[in-house]
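Any value given below was found using the heavy atoms of this structure, including those in side chains, with hydrogens, waters and symmetry copies removed. These figures come from a predicted structure and were not determined experimentally.
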Amino acid sequence: MRQKVALIFALEAKAGMKKTAIFGLVIASLLVSTAVSKAAVLESPARGAVLSGIGFISGWKCDASNITVVIDENGEHLSVAMHQERGDLRLVCGGTIRHGFVKQFNWALLGDGEHVAVAYDDGVEFARATFTVGTTGEEFLTDVKHRTVLDGFPSPGERAVLQWNESTQHFEIVTVWGVALDGEYDRSYWRRFTEDKETRAFTTDEELYAEVPDLETCFAGRLTQAAKNRALEAANQIRALHGLTPLLYSTPYSQQMQKAALIQAAAGYPGHYPGHYPDPSADCYTVEGAEGSRTSNLFGGAGNRDPADHMVGWANDFNSRSFVESVGHRRALLDPFESYFAYGQVYGYAAHKTFGFDREPRRTVQPEVDFVAFPYQVYPFHLVEGDPPWSFSVIEDPDNWYWGNRYDYFREATITVTRVEDGTELPITNRYAATLGGGLPNILSWRVQDWQYDTLYEVEIENVIFSDGLRTNYAYSVFIERDNLEE
């Protein structure tokens, strides 16, 4: 006899691209019954089973006459529906298949504890099983609406969201989630990032600069290879959360980024911050630095800063001086079609090149995802500190970065953010939709009121209209993790 663990489930598809798994949950330790006759088996309840809610008494017997089942000593003989089709018994029972029997049964009627089921045919016992019942304390629980999250199930690092089903008196799995797309959520990296923020790691001149910048002489300096690597690693960690292709560092543009950062640092902030289009009269102006400023994400702030922290700030976009709802820094960093990367910093003022890599070989990237959402699946809390807008962009044409994806997709779209645990819909404000340049050229952004860390949400974007008129719905989970990153 072998012990088995059974998980019986059913999958229900919803409209459009959304598929929500609805699983009937039966988690029981099953010990296959030893039949008195080789041609008869009581399958449920099985020996050693743990049962609850509404289930079935079932099994099979070749050439049965009148099957009844008695539960516990002196119990009544329960009639069952006989002659059920069982194709798997064709060889066992000599070529015919109508040998199954079944009866729906509410196990709560028996009460908590151990019970015995005995199966008879014409009053002659052919199988028995001892099993255990667990109940809610009521024969049929009503008027209960409850969801809960089961950690570590069905696999370590995953979570199952359970919802009570009154009709079956069971919890059913609404969804299973945990690891980000393709398992790219690197919890160990984000834990290190948390520690580095607290200790102000990688902010010294020695760590950042192979040659230290000098504002008085307009010397841009030169970053260490470790500083460049640190910036690139952070950018790719953030992109991995969305299933995007890793970027390659472009050495030919390293000094362009330094000179762009130098122009910003020389002007100071708030001062006469030159931004993306510095005037030739600006302090420490160079043509190369101006070109770098035009093609980059920029950050203005005095004092050395961890390059990884700059990447997080651009993804967050909370410190943007432009229209924040357009999330321009974020769209540039999360551009699914981009191939290359370069970074510069002068005393906290930073530049991240996002396009215009003309000195590099053309590298075609075809995205393997259909959309870019922020936040998305399991997400580190650093990226949403300060409560920035949430956002969503679609990829209609993976072969044509700009014109193939520049369309008013969201003119009739609706946004719903639901707390999975209790089904509460959170208020949505500051809805913004546009077609823009820089990064993926379509954006839907919004702000979510009253969201919390370490809480599972379901986001639904419905009625997205493609250029051919097709209407599509999207759905994805969001869990903004904090507790596990601050241990």
Participant: Compute whether any side-chain donor of one residue and acceptor of the other, for E396 and N405, lie under 3.5 angstrom apart.
Facilitator: no

Participant: Check for me whether K353 meets the cation-pi criterion with F357, that is, NZ or CZ under 6.0 Å from the six-membered ring centre and within 45 degrees of the ring axis.
Facilitator: yes

Participant: Do D399 and Q366 have side-chain atoms, one donor and one acceptor, less than 3.5 Å apart?
Facilitator: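 Yes, Q366 and D399 have a side-chain donor paired with an acceptor closer than 3.5 Å.
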
Participant: Tell me if the centroids of the rings in F479 and Y379 come within less than 6.0 Å of each other.
Facilitator: no

Participant: Given side chains that start at C-beta, do those of F371 and I395 come closer than 4.5 Å, heavy atoms only?
Facilitator: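 F371 does not reach I395 side chain to side chain.
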
Participant: If the threshold is 4.0 Å, N to carboxylate O, is there a salt bridge linking E338 and R239?
Facilitator: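 Looking at R239 together with E338, the answer is no, because their closest N to O distance does not fall below 4.0 Å.
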
Participant: For a quick check under 3.5 Å, do T130 and H115 share a side-chain donor-acceptor pair by atom type?
Facilitator: no

Participant: Please determine, by modelled atom types, if D387 and W451 share a side-chain donor-acceptor pair under 3.5 angstrom.
Facilitator: yes

Participant: Salt bridge check: are R419 and E425 linked by an N-O gap of less than 4.0 Å?
Facilitator: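 Salt bridge absent between R419 and E425.
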
Participant: Examine the side chains of Q237 and D186 and answer whether a donor and an acceptor come within less than 3.5 Å of each other.
Facilitator: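 Side chains of Q237 and D186: pair found under 3.5 Å.
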
Participant: Are W107 and F131, when compared by the centres of their aromatic rings, separated by less than 6.0 Å?
Facilitator: yes

Participant: Relative to each other, are the rings of W446 and W390 parallel, tilted or perpendicular (30° and 60° limits)?
Facilitator: tilted

Participant: Distance alone, cut at 3.5 Å: any donor-acceptor contact between the side chains of E481 and Y185?
Facilitator: yes

Participant: Between the side chains of Y476 and E460, does any donor sit under 3.5 Å from an acceptor?
Facilitator: no

Participant: Would S65 and D122 count as having a side-chain donor-acceptor pair, cut-off 3.5 Å?
Facilitator: yes

Participant: Does NZ or CZ of R330 lie under 6.0 Å from the centre of the six-membered ring of F374, at an angle within 45° of the ring axis?
Facilitator: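 Yes, R330 lies over the aromatic ring of F374.
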
Participant: For the residue pair Y343 and H352, is the inter-centroid distance of their aromatic rings smaller than 6.0 Å?
Facilitator: no

Participant: For the residue pair Q449 / T429, report whether a side-chain donor-acceptor contact shorter than 3.5 Å exists.
Facilitator: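 Yes, because at least one side-chain N or O of T429 sits under 3.5 Å from a partner of the opposite role on Q449.
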
